[in-house]
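Shown next, in structure tokens, is the structure this report addresses.
Since the model is a prediction, treat every value here as computed from it, not as a measurement.
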Amino acid sequence: MLNPSQQLAVDHLTGPLLILAGAGAWKTHTLTERIATLIQDRGVSPESILAVTFTNKAAKEMRERLGTKLGRDTTNMSPYRSAGFPLVGTFHSVGIFFLRSFIEHIWYDPKFVIYDEDDKLRLIKSLIRARNLDEKEIAPRAVIGAISQAKNQGLSAAKYDTIVNNYFGSMVRDIYVDYEKALRENNALDFDDILLRTHDLLQIPEVLERLHNRYEYVFVDEYQDTNDIQYKTIKLLASKSRNLSVVGDDWQGIYGWRGANIKNILSFQKDFPGAVVVKLEQNYRSTKTIIAWANAVIKCNKEALDKTLWTDNPEGDKIKLIEALSEKQEAELIVKEIKGPHSNPLSDWEGIRELTKNPLLPLGGESGVRADYSKWVILYRTNSQSRLIEEALIRAGIQYKIYGGVRFYERKEIKDILAYMRLLFNPLDTMSLKRIINVPSRKIGEKSVETFLEYVHNFRAPFNEVTEGIDEMNELTPQARRGIAGFSKLYAECVLYLREHSVKETMEYIIKQTGYIDYLRHEYGETESESKEENLKEFANMASRYDGLDTSEALMIFLEDIALITDSDRDQPGQNNFVSMMTIHSAKGLEFENVIIAWAEEGLFPHSRTLMEPREIEEERRLMYVAMTRAKRTLTITRARERYNFGNYSANPASRFLKEIPAEYTELKVLEVKNYFGGLAGTSYPTFDTPVHGKDVPIPGKGTGTIKRSVTSNDPSTFTLGERIRHVEFGLWTIVSISGTIWEIAFSAGKGIKKMHLGIAPIEKIE
């Protein structure tokens, strides 16, 4: 059954067509119905139809739907050599098909191979060495990123000169020339070449004519995600018949950072004169409330095509705006929201209850009823924002699965620095030693590492003691001996440093002394390394919560806490009742009953690096629109009034996108918090960035920047025996012994009695 707008799109016969489809408007259904109608009702030959999309999953789904409509079993069907069926595939798979057929026209053999990322990296490294360049100065992954970007813009090595404006660019140009030559010599293409070489083929009149004669109708899904080279290719393919149908939503154009050009869909009518535009504005996924909010937010963008989403679905619940006092409480409130009426009280915080119609109603509810967690997804702007939420889910015993990313403590950069910290605590830990003895590179080969580890095993002694006899290990090369000795010297320096500094400071010292950030930039390039650096900052921020404790005890507790998280953080066999977690980019194309969007603050979402560029802010707003429209039934947005960062609480304004929501669509979750900052907070919050009423808690108003206040510059003389204190990591505790600036404190939650330096500990009094 088609609605009137869908029927208009299906009935269109010839000429360019833009199907402007809002989120949840059944665009794939409309596209397949249009193709099936052309074949079944209009007599169009199936073999004359070409449909391209971006993912194998989407292509498979389209083939299956067409198979059902046309009465064909697509289970074992070849997408490329099936009589009586359209060619449906991704840009890359269709490109390979064309290249296998015609690549001899551009002097390749049809038996070409396709290099993966590892093949590409090894080849680029060899070309850098051949030019006697320093990999520390000309990072291989950065070169790969620059070449990939050029290819997606349609720039061959010969044309790269047009964008060279610095020394690095000139080096990339020279390596790009060598790289193209090497690929030809090896009869190989890389992934980006599939698009670039396909475009090259279409500029050959003979090839283009044959494809024009074969494919009279061209369909493109997710047109807003096309880059420059894909746009040029599609334009060439449709240049004769002009029977081009594209489906897309400019409001969901969120991939500008990887080359997608939103202007391709915005300028469709200009690029293809006489184009018909059909708007699919009825949403079949979300409630009226969610759709109304989504419209309100996205219409703040200036670069957008005119449409208004609507739905016949029920009104639904209001959007919940949950405002926590801290990032840790935000994570716990997210868990409580998921557990619903079956949740238990939040950790061991005193005096916290939700202000409902009955203020005396305690947190929690009936026990023994299992929630369906599979209906929930938690979305965040960047991968580094998952850590605290992961930990809160683990503490609550809720299984979760991260999509499109790696669990926080399983990310390479986190495991590397964690291995350094473990080795400082235990020099007998050869697993950690093996991981980082040559990371960053100290020019110790794998064989040399294994030989040295055999010495360590045979001596049954800490590695740093075994290193004292390194000059007598004749099996090792002089270069390997120097590398191992250098690592041992660094280790000794870090041990001494830890005695006088905190876990966080020691972690930062290791990162600096090893040149780990330069290593990341060198290995992964500027774009990819940026997210890894964010992860390391979050890891160091976590470590700062142990400031003030005796350093050896702090390191022990730090490692124990992480071990408890990582050891219990495993999906159980046969377990599928888990919460989904992912970045918003990974969520595009998906839908969930209940969606939670976390960290909705300026500088976090929208991201700080987009704040100065209006075009990038508009893409961030489209990202919020995508996040909102994943929700079918309920939508919850969370933020923290303050976040703990390296000894300071920083207070960010609420995300500008939240201020664009009409108040009638929202429900602000109000908490009554007793004795948190020395007063009673939370009786009435008319807006999402009203300040907490308490002791010196500066929360910025609309349009202001981040405000910080220190929690680690305490005056020990103001504390007294028996006084109650709140610690940012361990919660509530009591002072039980005083000795100068070092005090003994009794923690709740089974942490026992600890010694702590009050002057630098992240604590606050409870008055």
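Ring centroid separation for the pair Phe191 and Tyr115 does not come in under the 6.0 Å cut-off. Checked against the 6.0 Å centroid criterion, the rings of Phe463 and Tyr491 qualify as a close aromatic pair. Checked against the 6.0 Å centroid criterion, the rings of Phe558 and Phe539 qualify as a close aromatic pair.
We find that Asp200 and Arg197 are joined by a salt bridge, their nearest charged nitrogen and carboxylate oxygen being less than 4.0 Å apart. A salt bridge is absent between Glu530 and Arg521; no separation between the charged side-chain nitrogens and carboxylate oxygens falls under 4.0 Å. Using a 4.0 Å cut-off between charged side-chain N and carboxylate O, Lys412 and Asp416 make a salt bridge. The pair Lys447-Glu450 fails the salt-bridge criterion, with no side-chain N (NZ, NE, NH1 or NH2) lying under 4.0 Å from an Asp/Glu carboxylate O.
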Check against salt bridge (charged side-chain N to carboxylate O under 4.0 Å, His left out), Arg387 and Glu538: CA-CA 8 Å; Arg387 180 185 67 84; Glu538 174 59 23; 2.8 Å; yes

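Across Ile511, Thr514, Val439, a single residue satisfies side chain to side chain contact (heavy atoms under 4.5 Å, CB included) together with Tyr519, and that is Val439. Across Asp192, Asp190, Val143, a single residue satisfies side chain to side chain contact (heavy atoms under 4.5 Å, CB included) together with Ser148, and that is Asp192.
Ile128 has its side chain out of reach of Asp134: every pair of non-hydrogen atoms, C-beta onward, lies at least 4.5 Å apart. Between Leu195 and Asn227, some side-chain heavy-atom pair lies under the 4.5 Å cut-off. Side-chain contact between Pro606 and Arg656 is present, with heavy atoms from C-beta onward closer than 4.5 Å. In this structure the side chain of Thr382 never reaches within 4.5 angstrom of the side chain of Trp599, judged on heavy atoms. Between Ser529 and His522, every side-chain heavy-atom pair lies at or beyond the 4.5 Å cut-off. The shortest distance between side-chain heavy atoms of Arg411 and Ser386 falls below 4.5 Å. Using a 4.5 Å heavy-atom cutoff, the side chains of Ile229 and Lys151 are not in contact. Contact of the Glu413 side chain with the Tyr516 side chain is registered, since non-hydrogen atoms from C-beta on lie closer than 4.5 Å.
Both tests pass for Lys532 against the ring of Tyr524: distance under 6.0 Å to the centre and angle within 45° of the axis.
Take His607 and apply the side-chain hydrogen bond (donor to acceptor under 3.5 Å, both in side chains) test, not counting sequence neighbours, and it matches Glu534, Arg609.
Formation of a donor-acceptor pair under 3.5 Å by the Glu180 side chain with backbone atoms of Val177 is not found in this model.
Among residue pairs with one or both ends in residues 467-495, those qualifying as salt bridge (Lys or Arg N to Asp or Glu O under 4.0 Å) are Lys489-Glu493; sequence neighbours excluded. Legend: salt bridge (Lys or Arg N to Asp or Glu O under 4.0 Å) pairs involving residues 162-172, not counting sequence neighbours: none detected.
Heavy-atom contacts from other residues, nucleotides or ligands closer than 6.0 Å to CZ of Arg184 number more than 12.
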